[in-house]
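The structure under discussion appears below in the form of structure tokens.
In what follows, every heavy atom counts, from backbone to side chain, and hydrogens, waters and symmetry copies are set aside.
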Amino acid sequence: MPALPSPRTPDPLAAPTLNWGVLGTGWIAERFIGSVRRHTRQRFAAVASRGAARAEEFAVRHDITRAYGSYEELVADGSVDVVYVATEHTAHLACARLALEAGKHVLVEKPLGIDAAQAAEIAQLASDRGLFCAEALWTFFLPRFDVVRQVLDSGMLGEVRSVLADMGEYFDPAGGHRILRADLAGGPAARPRHVPGVTGDVGAESGGDRPGFRRAASGGGERAGRTPC
């Protein structure tokens, strides 16, 4: 069997430095900031929460210069180049819309929206404004996925007719996690899960090839739409 190809994943340290604003102060925002700082030269200029005290505490803890007590204040900050939306899932549409209407590029934590209609609305708004918008589905940026993409594109495995993949994760029903709360777009009916190695699905028809809505796979390939999370 031929040797596996090398990943074409760009060096994250080579990306131009941008000033980021963060909407939301929860666990995922903390993880995002830590990872970005470890692997890139990006800067975090501002953070916003629905309460000023929480934003200020988060800013101090993560060494972020400015803290805002409303999302509107952050997107009005002229020094912010791009906004990362890290709010609860049910607020992703409103926050993405707020940032895009303010002229900011946007990275929305997965899922982009809670259904295809929301994804389509965000995609259309980004396209209309000439702004970049992406869903933060980090697994598609891993080197291994670019290797898989090259193997499939090359025909090394022949015609792939079937793929079987399983994924499971346990959440304690008594813990009150948002993934189990229907009011936060959780629950087995309301919250689709990752499909390993599959793109598109629920929202693929929504994004089309609109220039404002992209998810860049490892190696620079682009695929519109969204994968449920």
Side-chain angles (χ1 to χ4, degrees), residues 9 12-13 15-77 79-100 102 104-114 122 132-143 167 169-172 174-181 183-186 191 193-194 215-216 218 226-229:
T9 314
L13 290 173
T17 302
L18 300 174
N19 290 322
W20 289 72
V22 178
L23 300 185
T25 55
W27 172 84
I28 196 66
E30 294 184 338
R31 294 291 298 272
F32 177 77
I33 290 170
S35 181
V36 169
R37 282 178 167 164
R38 284 193 299 274
H39 301 290
T40 79
R41 295 191 176 95
Q42 303 304 298
R43 290 191 295 260
F44 289 95
V47 62
S49 181
R50 286 170 294 191
R54 182 168 176 79
E56 290 167 2
E57 185 275 333
F58 188 93
V60 170
R61 186 153 43 91
H62 294 281
D63 193 25
I64 298 174
T65 306
R66 291 181 296 285
Y68 295 110
S70 73
Y71 301 149
E72 290 80 5
E73 289 178 279
L74 185 143
V75 300
D77 186 332
S79 71
V80 171
D81 300 311
V82 55
V83 171
Y84 170 59
V85 176
T87 57
E88 61 270 21
H89 295 175
T90 50
H92 283 189
L93 172 62
C95 289
R97 185 193 294 131
L98 185 70
L100 290 166
K104 306 296 186 185
H105 303 292
V106 181
L107 178 66
V108 184
E109 184 52 56
K110 60 188 187 309
L112 183 69
I114 62 174
I122 294 171
F132 180 88
C133 178
E135 181 186 41
L137 189 57
W138 60 272
T139 49
F140 278 91
F141 296 87
L142 295 176
M167 174 182 171
E169 188 172 357
Y170 176 76
F171 292 90
D172 185 354
H177 194 282
R178 57 158 179 80
I179 200 172
L180 302 175
R181 292 178 53 182
D183 61 318
L184 294 178
R191 180 180 164 83
R193 298 296 293 161
H194 284 301
R215 181 195 295 129
S218 300
R226 81 173 177 86
T227 295
C229 114

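Of all the heavy atoms in Ala29 and Gly24, the pair that sits closest is CB-O, 3.6 Å. Shortest non-hydrogen contact noted between Ala67 and Ala59 is CB-CB, 3.8 Å. The minimum heavy-atom distance between His105 and Phe132, with the atom names listed, is ND1-N, 3.0 Å. Here the shortest heavy-atom pairing between Tyr84 and Ala136 reads CE1-CB, 4.5 Å. Here the closest heavy-atom approach between residue His62 and residue Arg37 is recorded as O-NH1, 2.6 Å. Minimum interatomic distance between Val85 and Ala96 (heavy atoms only, all atoms of both residues): CG2-N, 4.2 Å.
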Residue pair Thr17, Arg41: steps toward the side-chain hydrogen bond (donor to acceptor under 3.5 Å, both in side chains) verdict: CA-CA 6 Å; Thr17 302; Arg41 295 191 176 95; over 6 Å; no

Worked verdict on Arg61 versus Glu30 for side chain to side chain contact (heavy atoms under 4.5 Å, CB included): CA-CA 10 Å; Arg61 186 153 43 91; Glu30 294 184 338; 2.3 Å; yes

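The CG atom of Leu107 lies 7.5 Å from the CD atom of Glu109; values are rounded to the nearest 0.5 Å. Between the SG atom in Cys95 and the CD1 atom in Ile122 there is a gap of 9.5 Å [rounded to 0.5 Å].
Relative ring orientation between Phe44 and Trp20 is described as tilted, the plane-to-plane angle lying within the 30° to 60° band.
For the pair Asp81 (side chain) and Leu18 (backbone), a donor-acceptor distance under 3.5 Å is absent. Between the side chain of Gln42 and the backbone N or O of Pro16, at least one donor-acceptor pair lies under 3.5 Å. Of the possible donor and acceptor atoms, none in the side chain of His92 sits under 3.5 Å from a partner among the backbone N and O of Ile114. Judged purely by atom type and a 3.5 angstrom limit, Glu135 uses its side chain to pair as donor or acceptor with the backbone of Leu112. Between the Arg54 side chain and the Thr25 main chain, a donor and an acceptor come within less than 3.5 Å of each other. In this structure, Lys104 contributes its side chain and Val80 its backbone to a donor-acceptor pair below 3.5 Å.
Val75 has its side chain out of reach of Tyr71: every pair of non-hydrogen atoms, C-beta onward, lies at least 4.5 Å apart. Between Phe58 and Ile33 there is a side-chain heavy-atom pair separated by less than 4.5 Å. Put simply, the side chain of Leu23 reaches to within 4.5 Å of the side chain of Val83, judged on heavy atoms.
The number of heavy atoms from other shown groups lying within 6.0 Å of CZ (Arg31) does not exceed 12.
One finds a salt bridge joining Arg50 and Glu88 here, because a Lys/Arg side-chain nitrogen approaches an Asp/Glu carboxylate oxygen to under 4.0 Å.
Checking Ser79 against Arg66 by side-chain atom types alone, a donor-acceptor pair falls below 3.5 Å.
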